[in-house]
Structures are given as C-alpha cells and as structure tokens.
Amino acid sequence: MNRIRTRFAPSPTGYMHIGNLRTALYAYLFAKSQGGDFILRIEDTDRARYVSDAVEFIERTLAAAKIIPDESPAIGGKFAPYIQSERMEIYKHYAEELVANGYAYYEETEQGRAIRQKMPRVGETTFFDVLHGNITIANSELEDQVLLKSDGMPTYNFANVIDDHLMEVSHIIRGTEFITSTPKHVLLYEYFGWELPTFIHLAPVMGKAEDGTISKLSKRHGATSFDDLIQAGYLPEAITNYVALLGWSPKNSCQEIFSMDELIAAFTLDGLSKSPAVFDYAKLDWMSGEYFKAMSDENFADAAQKYLADFDADRKIFLASLLKTRVAKLSDIPPMTAFLKNLPPFDAELFTNKRNKVTPQKSVEILAPAIKILETVDDWTLDTLNKKIAAFVEETGLKIGTVMWPLRIALSMQKVTPGGVTEILYLLGKNESLIRLNDALSKLN
RNA sequence: GGCGCCUUCGUCAAGUGGUUAAGACACCGCCCUCUCACGGCGGGUUCAAGGGUUCGAAUCCCUUAGGCGUCACCA
C-alpha cells in the first residue's frame, strides 16, 4: 500500500474559518494516525482574491492549533513549490498535453486565450467516496471547464488535480461543496491515465443565528474564525478539541477531552459523520472551562496575564485559583473582577436577602461590630481573616450566611462574586476593605 | 429549476435487524455551600413523515417533505 498523504489546500484569504480549520485537522489526524504525511499547499490562483501576508497567517494559525505540516511553503519539501502561483509552468505543460491529445481545446475570447476541458456529452461518471459510497453524476451535467485562464493561471479544478497527483496525495479530504465538481477531476485523472486518490467529502459546519435559524457557519454567527475565538480568550487546545468533535466521534469510547496525541491515536475515518454539525458555543464554553480547571494556578495566571496585570504576584495567583473554575473564556475575567478595582454604585436594596434573613437594618447591626473586629487584624491573611470571622459569627449566634451577606454586598456591591467574603477581603487589602465597609455603613445609616 | 448530498433528544452524537435507543453539553429539580461557580444525585425530551420487506426495523427498500450544496476564466 502506498504511503498515506493528505493535504490542506486553502486559498490565502487571511481568515481561518472554523470549518476550514476542522478540514485541516481531520486531514492532519488521518495522516498522522496512519504514519503518513500532511502537507500544506496554497491555492492562490485567483489573483483578485489574494490577500498579502495570508500565507504567513495560515501557517501561524495551523501552528497555534498544533497542526504541523510535514511539507509547506515555509518548510519546503520534495514537491516544492507549495504555492500554486509558483507552479504555472507545470500547469501549462499539462494543459497543452491535454490539448495535444484531444481532451482539451483553445478558446479565443475577448480576455485572451484559454484552455477548456472537453467533457463527454453522454454517459456518467462514478467515483467512490469513503463517507458517501459511490456517487454517480451524468456527464451531461458537466460543462466544458476552463483549465487555464487567459491570465495563464490554472483554475482550481485543474490545478488541484495536477498537484494532488504530482504531490502523491493519497486521500483528498475536503468539504462537500466539492462533490459535484469531483467528476470533472476524475475525468482529468482518466485523461492523464493517473491513479485516482481516495475521496472524503466532509459535511459542513453550521451555525445557529439569534433567531434560531440554522445555516452554514459564517460571520453573522459571531466569532467563527480560529482567530476570533483566540481573541475571545479560548485556549487553542480547547478549540481544537471541540472542533474535532464537531463531525467526528471516537469508536468504542465516550471520551471528550482529548490532547492532540490522543486525537491522533483515536482517529478513524469511520468515526466521521456525514451530516452537518451545528457549532454550539455552550459546549465550547464547557470544554474550555474543563481546560482551565485542569490548569495549575500559575499556568492560568500566565494565560490570563493581560487581565490580571493590576495585581501583585501573590494576589494574582490567588485570583487565578478563584477564577479558573468559573471562567469559560479569558475575556470573562474583566466583568468578574471589575468590582475589585471600582466599587459599583451603592444600592441599599442589595442588602436585603430573604434566604439569609438579612435587611438593610440588620446589615447595620452586623457591619458595625464586624468593622471593629477587622480593624484589629494586623495579619491580613486568608487564614487569620477566616478565624476572626468565624469567631465573630459564633459570638453573634447568627447563621454564617447572615453575617457574610452584608459584608459581601458592602465590599462588592454585587450579589455574586468570584470567591467568598474572606477571599475578597484578602484581595482588596485591609485599607480598601475598611474604606468600603465604613462607607456602606454610613450610607445605610 | 436540473443534478447531488444529508435527516437519531434543543445541540454534539453512539447505534450497522432483536438495546429499557449509550454518553456529553444545555435545561429543570434536589444536595453541598457565606454568593456564584465547582462537585454530587436525579429528571424530561429523540429515531422527519408515510408506505413496504421481515417473526421482529432507528438500522434494508420506495415515496414525500425539509435542509444544505452545485450548476464561474472562485476556491
């Protein structure tokens, strides 16, 4: 059996759509699971669509996602160049060979001379797809395709066949949108007398719009590129992991959290799904959270560095420990920690809590003595604060929740905080804590 | 419109003639708890519809419907 070789062949648009990333991932996983090669080839034959720096962007994105090509424009390889615009002579040669053999012809147009592929008028073309089985399309559906454009560039339909053959690609993994043009490619392989690769056409990734309608994932569904997701503060590993499961599932296992190595080990073609998958942010959030929870406090603090810059080393690590179990993406951090920096406006209503039997009135009775006790605390550590408050609770004979509630509100002016009262006291420091408590007390009075 | 592909809980999905139709996310409830979260326990909802084939169908066949794709000198 020939060596397994797959390729990812994006056009350089400067945008890595999640669907494309998934295609690249599956091609990579399949190649690696078979001990084969994964190659990156840039299909830049449409000069109008070219975006500068896009090639570099694509390589950076794949690297961030840990999808490492064996051959690429940057790495090079046995079949270089890997950028189609640098292979024009090759396409010209093969196109002319087709003309010479009567499988294609020149066409004179206003734009210049182009070469078209001659399609059979009758009969049908059948090819095998791993996911879909045999697919047959009548040749009468096919029109004579342009092979070489008047500007000398090949079309996708031509270049991809030439390159896949020359680069010895064994398995073509791409989106379903190419199913109907595959017969044209198959005919080309036949004209040249080349061996057919194996086709695997992947179902698209869909998105759910605000109004509940489902359509192919696009910008109107919010962040839909790998880069958007990174910007939002998802970990690359989490994104890759989630995307892997959008259209593939492991055999004989319910595992969901996968490292790249585990994905490679578990990946099989028959785990691929042939129906479209809807991108679900809720599940991405969950999975992302699992990655954060699994991190050490130090690693999380590093990852969240730019959001925790205001805190000293000790508090940074401590905050990280509180945040990492509550965050789905790093950008969730600012709204959660804003109150530490700036206390939200005073709101007496917040002091009312039915479950803990707290009222603004009751709060005054708790805050006043609590402040007195905290003022005497010199060793402002979690441990000491905990002991002092526990002793105070005991003294008052109140339920712990009843005591904590007014303290939390006074310190944060919000019902929900990352961490308990002791944690907030520690994060705020003695000075700021007492300022906030006294302020609340006087406003309540 | 022609042609092609697809159709199991709200979402991701397992399942390949005999299962109480897995599991996960989400949702709801309970427990834990100084809040939220975490964690623990439990719950509801699914084979698009209709015909066949079969002792027996989510699994095989046909029809219908819906969704998606494609009909470019774009990929």
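Note that these values count all heavy atoms, side chains included, but never hydrogens, waters or copies made by symmetry. We name chains A, B, ... by the order of the sequence lines, and we start the count at 1 in each one.
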Is the [X] to [Y] ring centre distance short of 6.0 Å?
X	Y	answer
Tyr242(A)	Phe279(A)	yes
Tyr156(A)	Phe178(A)	yes
Phe267(A)	Trp248(A)	yes

When the distance from CZ of Arg22(A) to P of rC12(B) is rounded to whole Å, what number comes out?
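After rounding, the gap between these two atoms is 11 Å.
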Would you say His132(A) places a side-chain N or O within less than 4.0 Å of OP1 or OP2 belonging to rC6(B)?
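Checking His132(A) against rC6(B): at least one side-chain N or O falls below 4.0 Å of OP1 or OP2.
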At 4.0 Å (heavy atoms only), tell me whether [X] reaches a base, stays on the sugar-phosphate, or touches nothing.
X	answer
Val421(A)	base
Gly175(A)	nothing
Lys208(A)	sugar-phosphate
Thr422(A)	base
Arg47(A)	nothing
Ala282(A)	sugar-phosphate
Gly401(A)	sugar-phosphate
Lys274(A)	sugar-phosphate

More than 12 heavy atoms from other groups under 6.0 Å of CG on Asp270(A)
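Enclosed: over 12 neighbouring heavy atoms sit under 6.0 Å from CG of Asp270(A).
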Specify the residue among Ala277(A) and Gly420(A) whose closest nucleotide of RNA chain B lies further upstream toward the 5′ end.
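Closer to the 5' end of RNA chain B: Ala277(A).
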Going by heavy atoms in the side chains, are Trp380(A) and Leu425(A) under 4.5 Å from each other?
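Yes, close enough: below the 4.5 Å cut-off.
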So if I define the base as every atom that isn't primed, P, OP1 or OP2, how would nucleotides 63-75 of chain B read as a B/S/- string at a heavy-atom cutoff under 4.0 Å?
-----SBSS-BBB
Going by atom types alone, do Asp44(A) and Ser85(A) pair a side-chain donor with an acceptor below 3.5 Å?
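Yes, Ser85(A) and Asp44(A) have a side-chain donor paired with an acceptor closer than 3.5 Å.
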Which pair of non-hydrogen atoms, one from Lys362(A) and one from Lys357(A), has the smallest distance, and what is that distance?
CG-O, 4.2 Å
For rU54(B), give its Watson-Crick or G-U wobble partner with both distances under 3.5 Å, or none.
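No nucleotide pairs with rU54(B).
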